[in-house]
Asks: 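A single structure is presented below for examination.
Ligands are counted one by one from 1 in listed order, and the atoms in each one are counted from 1 as well. Numbers for residues simply follow the sequence, beginning at 1.
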Amino acid sequence: MSQKFRIEPYAGPAGGWGALKSTTRHLLNSEQALSNLKTLANTNQPGGFDCPGCAWGEGKHSGRVSFCENGAKAVNWEATARRVDAAFFAEHSVASLYAQSDHWLEAQGRLAEPMVYDAQTDHYRPISWDDAFALIARHLKALDSPDQAEFYTSGRTSNEAAYLYQLFVRAFGTNNLPDCSNMCHEASGVALRRSVGVGKGTVTMDDFERADAIFVFGQNPGTNHPRMLDTLRDAVRRGAQVVAVNPLKERGLERFTHPQHPLEMLAGGGTTMHTRYVQPKLGGDMALVRGMVKSLLAAERAAQERGEPPVFDHAFLAEHTAGLADYLAEVDATGWDAIETQSGVARATIEGLAEVYRRAERVIATWAMGITQHKHSVATIQEIANLMLLRGNVGKEGAGLCPVRGHSNVQGDRTMGVNERPTDAFLDALGQRFGFAPPRRHGHAVVEAIEAMRTGQSRVFFALGGNFAAATPDTAATEAALRNCDLTVQVSTKLNRSHLVVGKAALILPCLGRTEVDIQAGAPQRITVEDSMSMVHASAGVLEPASAQLKSEPSIVAGLAEAVLGKWPVDWAWLVEDYDRIRELVADTVPGFEDFNARLASPRGFYLGNSARERRWQTDSGRAHFAAVPLPDHLESHEGELALQTLRSHDQYNTTVYGLDDRYRGVFGGRRVVFVSAADLARLGFKAGETVNLVAEWGDGVTRRADGFTLVEYDIPAGCAAAYYPETNPLVALASVGDDSRTPTSKFVPIRLERSGP
Ligand SMILES: Nc1nc2c(c(=O)[nH]1)N[C@H]1C(S)=C(S)[C@@H](COP(=O)(O)OP(=O)(O)OC[C@H]3O[C@@H](n4cnc5c(=O)[nH]c(N)nc54)[C@H](O)[C@@H]3O)O[C@H]1N2
Ligand SMILES: Nc1nc2c(c(=O)[nH]1)N[C@H]1C(S)=C(S)[C@@H](COP(=O)(O)OP(=O)(O)OC[C@H]3O[C@@H](n4cnc5c(=O)[nH]c(N)nc54)[C@H](O)[C@@H]3O)O[C@H]1N2
Ligand SMILES: [Mo]
């Protein structure tokens with residue numbers, strides 16, 4: 001499939017012929033091309049299944065094709081005809097599989113039957129479902145405390161599976177529910193709860209149709225949320241301003257053509273997406289936004305002096321907010337020198353952005369990993385909220401805060417209670433409905449779970465989806481932690497690194513994917529998910545399951561729970577005979593889900609609501625809160641050092657590597673590349689095309705390295721570099737986490753380049 005390694009800058013628009021060609025190539029490479037096309041036609045349509053790609057919302061225009069190039073890859077990847085079965089594991093030892101690349105592992109096909117690790121032979125061999133559940137139950141019951149087990153969740157898990165899972169984990173007695181959110185949008189939740197009293201985005205899809213300006217911070221939608229490009233393009237067409245804030249020049253944000261519109265493709269060029277593209281230094285967004293506010297404040301004072309209409313929304317500020325005076329004092333105390341140095345953006349440019357913001361009656365701010373994976377992410381997001389509050393851009397049509405989520409149901413999993421720090425109100429509701437006392441001690445997030453396993457404090461690791469070994473930071477530390485466990489269990493669809501980093505005992509439990517028909521007690525079931533705009537809707541698979549031995553995630557959780565707890569505090573087996581029964585329990589215990597089953601009748605689902613959108617502020621003060629935080633002091637880069645961000649290529653889904661191209665960035669046939677500016681190449685004495693090793697020193701006495709990366713010259717600010725995840729995860733120190741979010745700082749890794757050996 002992939003050609004020779006080459007670098008060839010991409011000249012076309014994002015989307016367009018390239019997308020069509022790439023999608024078709026991925027489809028036709030599959031042995032099931034025809035059925036896959038049928039599958040695609042069902043994606044995100046009423047009665048079909050939710051795209052397992054991203055968490056972007058659905059437009060309400062029926063008839064518009066709602067899958068994208070990368071959604072197509074995700075669907076196709078799951079619908080492969082290849083199988084990883086007992087014969088496969090008999091042929092390959094775990095050590096030999098471990099030596100393969102992530103791309104090779106997942107390309108072997110769908111996991112077909114439950115397997116148990118045999119340490120004597122270093123091979124997996126088949127095990128029955130009952131024996132597998134019994135083995136896990138034996139290990140869990142042998143622990144001194146329920147807090148010695150870790151229950152991870154990845155964000156593809158349905159609401160139904162997630163709800164049962166957290167209920168089981170709490171009935172078992174722990175809140176150790178680390179999940180992929182801990183590595184993803186945790187900072188958004190923390191910051192938004194503090195600023196506006198609810199940890200979710202405040203906008204709906206309709207708001208995007210009314211916004212006058214949309215600021216897109218730290219996000220690469222052309223690759224990671226392609227359907228968002230439709231939304232942005234429509235906004236640009238009706239005259240809205242779209243401002244991209246991103247250190248890298250991302251093609252997908254610059255130009256876009258939809259492959260469904262052939263005429264547009266023939267016209268060439270594509271719609272110019274952004275009206276402005278600003279390139280701050282990594283981590284410089286807080287300073288940039290502070291500069292915008294400084295400029296607005298100056299304009300507000302000038303307007304007051306001249307008796308002109310105010311810049312701030314004083315009525316909103318007086319009625320709805322607290323902390324404004326302290327915040328403005330902090331803005332006054334922040335000098336332009338610091339703002340320009342830290343953001344790397346000139347004052348005049350920042351003032352231009354403030355002008356775009358000021359002229360717009362309705363503004364939306366969106367963001368993703370470029371904002372959330374820093375040490376000062378919570379402060380940065382609160383700064384974005386500060387900016388938005390000044391002109392009442394929260395809780396008004398066409399305006400609001402929009403963290404764009406990653407995994408297709410990561411937001412829903414949190415709503416269902418997959419949270420290591422649950423609220424008392426949630427635990428009270430569980431306790432009351434099920435008649436037990438849920439544990440109140442906070443549990444472990446991802447980094448704490450790794451530490452607990454590494455020190456031997458936690459002994460059992462269970463993963464409902466995901467690829468923990470590859471997705472987490474500090475690969476050597478994480479692998480040691482997993483190997484230190486008595487038992488590791490992976491509920492998965494595809495073979496990945498986490499199956500090969502085994503505890504003393506290990507299980508692989510293969511499950512249905514979202515595209516597949518799920519039959520329980522003779523009847524097909526549907527599951528539900530929640531998107532980034534808090535819309536909950538049903539999803540039902542259409543494909544024949546990859547193997548007759550697969551179980552659904554809810555039924556795996558039920559099997560496990562029954563083996564450990566019996567029919568207490570609920571009859572687990574009875575519940576999963578009909579997922580409506582699980583939804584009844586959700587309706588009883590989770591606010592916003594009243595009449596859950598009935599409300600699923602609406603094909604596009606229902607809106608959960610958002611208190612901040614209604615200008616009800618569930619904060620301590622009962623008001624929206626201005627955070628007055630000084631700019632961070634950890635960003636200055638040292639002589640010879642670069643700040644590295646670890647990001648996604650166009651041909652991957654997190655740790656799932658579909659192919660070796662990153663078309664929009666002009667990289668083909670290889671992933672071990674590092675993007676560096678021309679200025680840094682000259683300054684550090686390197687040439688594009690040379691091979692280097694990346695070396696990270698965090699001052700903890702460990703030298704972390706990732707070897708053999710080709711230098712690619714790229715349009716990125718001096719002092720900043722970029723390379724793909726998960727190859728660069730060995731460089732990220734476990735201890736380097738965000739303040740208050742504890743998210744690994746994957747977008748700011750101090751490195752130096754080392755000339756590769758002869
Ligand atoms: N096809 C596909 N879709 C996906 C995924 C996938 O892997 N593949 N992953 C899913 C998941 S779980 C998630 S969380 C999302 C991720 O979606 P994104 O957040 O778009 O993912 P990243 O590739 O990490 O891209 C980070 C972007 O932020 C920019 N950036 C990095 N540091 C900074 C900074 O300091 N400031 C600013 N302003 N920008 C910065 C980078 O240049 C890059 O454009 O996508 C989801 N959708
Ligand atoms: N350095 C660095 N590290 C990062 C990031 C980064 O930007 N840089 N991003 C972080 C982010 S945002 C995230 S969300 C995490 C992602 O972390 P994870 O969610 O743990 O990882 P994925 O790669 O999405 O998981 C892929 C695996 O999920 C399984 N799978 C797929 N579909 C299903 C399903 O329907 N059910 C089940 N049970 N299993 C399924 C398959 O076996 C597949 O191998 O990584 C984080 N790690
Ligand atoms: Mo994510």
Asks: Any atoms of ligand 2 less than 4.0 Å from a non-hydrogen atom of Val491? List them with their elements.
Replies: 37 (C), 38 (N), 39 (N)
Asks: Taking only heavy atoms of Cys511, which atoms of ligand 2 are found under 4.0 Å from at least one of them?
Replies: 36 (N), 37 (C), 38 (N)
Asks: Under the rule for side-chain contact (heavy atoms from CB on, under 4.5 Å), what residues qualify as partners of Pro750, not counting sequence neighbours?
Replies: Glu641, Trp698
Asks: Quick check for you: to the nearest 0.5 Å, what is the distance between Tyr165 atom OH and Thr157 atom OG1?
Replies: 8.0 Å
Asks: Give yes if a backbone or side-chain nitrogen or oxygen of Thr728 is under 3.5 Å from a nitrogen or oxygen of ligand 2, and no if not.
Replies: no
Asks: Numbering the atoms of ligand 2 from 1, which are under 4.0 Å from a heavy atom of Tyr152?
Replies: 17 (O), 18 (P), 19 (O), 20 (O)
Asks: Mark up the atoms of ligand 2 that fall under 4.0 Å of a heavy atom belonging to Glu553, in ascending order.
Replies: 34 (C), 36 (N), 37 (C), 38 (N)
Asks: How are the rings of Phe461 and Phe468 set to each other: parallel, tilted or perpendicular (split at 30° and 60°)?
Replies: tilted
Asks: Go through it in stages, so that I can follow the logic: the residues are Lys200 and Ser532, the test is side-chain hydrogen bond (donor to acceptor under 3.5 Å, both in side chains), and I'd like the CA-CA distance, side-chain angles, deciding distance and then a yes or no.
Replies: CA-CA 8 Å; Lys200 297 182 184 184; Ser532 287; over 6 Å; no
Asks: If the cut-off is 4.0 Å to any non-hydrogen atom of Glu106, which atoms of ligand 2 fall inside it?
Replies: 43 (C), 44 (O)
Asks: What do we get for Asn496 next to ligand 2 when only non-hydrogen atoms under 4.0 Å count, side chain, backbone, both or neither?
Replies: side chain
Asks: Is it true that Arg414 and Asp179 have a side-chain N and a carboxylate O under 4.0 angstrom from each other?
Replies: yes
Asks: Has Thr493 got any heavy atom lying under 4.0 angstrom from an atom of ligand 2?
Replies: yes
Asks: What residues sit with at least one heavy atom under 4.0 Å from ligand 1?
Replies: Cys54, Asn70, Cys184, Gly218, Gln219, Asn220, Thr223, Asn224, His225, Val245, Asn246, Pro247, Leu248, Glu250, Leu282, Gly283, Asp285, Ala368, Met369, Gly370, His374, Gly406, His407, Gln645, Leu647, Arg648, Gln652, Tyr653, Asn654, Lys747
Asks: Strictly below 4.0 Å, N to O, side chains only: are Glu420 and Arg742 in salt-bridge contact?
Replies: yes
Asks: Between Asp474 and Arg704, does any NZ, NE, NH1 or NH2 come within less than 4.0 Å of an OD or OE carboxylate oxygen?
Replies: yes
Asks: At less than 4.0 angstrom from any non-hydrogen atom of Lys494, what atoms of ligand 2 do you find?
Replies: 41 (C), 42 (O), 44 (O)
Asks: What atoms in ligand 2 come closer than 4.0 Å to a heavy atom of Gly465?
Replies: 37 (C), 38 (N), 39 (N)
Asks: I'd like to know if Glu727 and Arg672 make a salt bridge, using a cut-off of under 4.0 Å between side-chain N and carboxylate O.
Replies: no
Asks: Using a strict cut-off of less than 4.0 Å between a Lys/Arg side-chain nitrogen and an Asp/Glu carboxylate oxygen, indicate whether Asp651 and Lys73 qualify as a salt bridge.
Replies: yes
Asks: Establish, for the pair Arg497 and Tyr98, whether the NZ or CZ atom is under 6.0 angstrom from the six-membered ring centre and no further than 45 degrees off its axis.
Replies: yes
Asks: Could you check whether Arg156 makes a cation-pi contact with Tyr653, meaning its NZ or CZ is under 6.0 Å from the centre of the six-membered ring and within 45° of the ring axis?
Replies: yes
